[in-house]
Amino acid sequence: MRTVEPNGIIAFLEVVERGSFRGAARALAIPKSTLSQRVATLEEQLGVQLLSRTTRNVALTDIGASYQREVAPAVAALRDAEALVNRLQAHPSGRLRLSAPFELGQRLMGGVLATFAERYPQVKLELELTDRAVNMVEEGFDLCVCVGPLSDSQMIARKIGAPSQVGIFGSAAYFKRAGVPKHPRELQAHRCLSMGSTLSPATWAFSGARPVSIRPVIAVNSFQVLCALAGAGTGLARLPRSQANTSGLVEVLKPFAPTPYQAFAVYPAARHPSASLRAMLAVMSETFGSCEAPVRVGRES
């Protein structure tokens, strides 16, 4: 099967439509010599003469007329498809599938989705709240909200919102009973509450001190529950300050406060952002107050 250049087909059809090489070159905004070369290359690739040229006019040969009847509808269909894609890219529509951590999604994503749905009713939204690591490409997610360090270089990430300040919190009653830790390593002697599982130790990172491995007495996937447990004097929990400060908890180890957590909106690097995805990033920017320029994950932002 012969391989032909699409530009040659377009040049040929334009000559037929305009009735001259000069008119076709003007319509395509290319030099007449370039147009002539494209048509000549097409004829060479096909091994036939499509156009009969004289100094006064251009006419289709019998084979050229047959070829024109076959390829013209195909090129028109491609142009229609391109126009459709452009319209879809200009106006958000279709399905947008999102993922977010359970706790963060419960607290923040409701307002985002409500605003988006009101503005773009043609988009069908799906949000899955999960604390597991998702495979965006295999599972068909368009956008994931992630918290903390990222490592997958196949993704593009945008910072959303300000970093979340975290600390170690407990109740006054707990500290009266168990004492106040002065250094992170002393946490191993305390009852600790953690996000995650009790089946394996959790590692809490600190500034100015080595990470500490703790085995939580209770592990849950909800900061709200951790706040309640810490407030009841059950143990110490690592919590967002914004949440703990409204729960009457006392922060300890402030000089060793962990590095703030940053939330990111992440999407596949190989995928050109759709209109729906761009619109969602804009709504997140409005809601969270920041949505910086995208950077490839693994590069310094």
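Here the structure is a predicted model, which is why all the values come from computation and not from measurement.
- Separation of atoms CE (Met284) and CG (Leu108) is listed at 9.5 Å; rounding is to 0.5 Å.
- In this structure, the side chains of Thr234 and Ile218 come closer than 4.5 Å at one or more pairs of heavy atoms.
- Within 6.0 Å of atom CZ in Arg53, more than 12 heavy atoms from other residues, nucleotides or ligands are found, so the atom counts as buried in its surroundings.
- Aromatic pair Phe141/Tyr267: ring centres not closer than 6.0 Å.
- Without hydrogens or angle criteria, Arg97 side chain to Arg95 main chain gives no donor-acceptor distance under 3.5 Å.
- Side chain to side chain, Ser66 and Arg69 meet the donor-acceptor criterion of an N or O pair below 3.5 Å.
- Using a 3.5 Å distance cut-off with no hydrogens or angles, the side chains of Ser222 and Glu103 do pair a donor with an acceptor.
- Between Arg38 and Glu43 there is no salt bridge, since no side-chain N of the basic residue sits under 4.0 Å from a carboxylate O of the acidic one.
- From Leu281, atom CG reaches atom CD1 of Ile156 across 11.5 Å, with rounding to the nearest 0.5 Å.
- The neighbour count for Asp62 CG, taken as heavy atoms of other residues, nucleotides or ligands under 6.0 Å away, does not exceed 12.
- If you take CD on Gln165 and CG on Leu239, they are separated by 14.0 Å, rounding to the nearest 0.5 Å.
- Counting heavy atoms from C-beta outward, Ile160 and Ser285 have side chains that stay 4.5 Å or more apart.
- Contact check for Tyr174 versus Val180: no side-chain heavy atoms found under the 4.5 Å cut-off.
- Within the 4.5 Å cutoff, side-chain heavy atoms of Leu98 are placed close to those of Met280.
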Met109/Val112 under side chain to side chain contact (heavy atoms under 4.5 Å, CB included): CA gap, chis, key distance, verdict: CA-CA 5 Å; Met109 292 303 292; Val112 171; 4.2 Å; yes
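- Here the side chain of Ser36 pairs a donor or acceptor atom with the backbone of Lys32 at under 3.5 angstrom.
- Remark: Arg241 CZ is packed, more than 12 non-hydrogen atoms of other residues, nucleotides or ligands lying under 6.0 Å away.
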Verdict with supporting geometry, Arg119 and Glu286, salt bridge (charged side-chain N to carboxylate O under 4.0 Å, His left out): CA-CA 13 Å; Arg119 291 184 188 176; Glu286 296 173 19; 2.6 Å; yes
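- The side-chain heavy atoms of His190 and Pro181, taken from C-beta on, include a pair separated by under 4.5 Å.
- Without hydrogens or angle criteria, Glu118 side chain to Ala114 main chain gives no donor-acceptor distance under 3.5 Å.
- With hydrogens and angles left out, the side-chain atoms of Ser247 and Gln243 include no donor and acceptor closer than 3.5 Å.
- For CD of Gln224, the number of neighbouring non-hydrogen atoms (other residues, nucleotides, ligands) closer than 6.0 Å is 12 at most.
- Atom CD in Glu139 sits 8.5 Å away from atom OG1 in Thr130 (nearest 0.5 Å).
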Could you walk me through whether Leu60 and Leu50 pass side chain to side chain contact (heavy atoms under 4.5 Å, CB included), step by step? CA-CA 6 Å; Leu60 283 166; Leu50 301 174; 5.6 Å; no
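- Once rounded to the nearest 0.5 Å, the distance linking CG of Leu143 with CZ of Phe264 reads 13.5 Å.
- Around CZ of Arg132, the count of heavy atoms belonging to other residues, nucleotides or ligands within 6.0 Å exceeds 12.
- The structure places CZ of Phe256 at 12.0 Å from CD1 of Ile168, a figure rounded to the nearest 0.5 Å.
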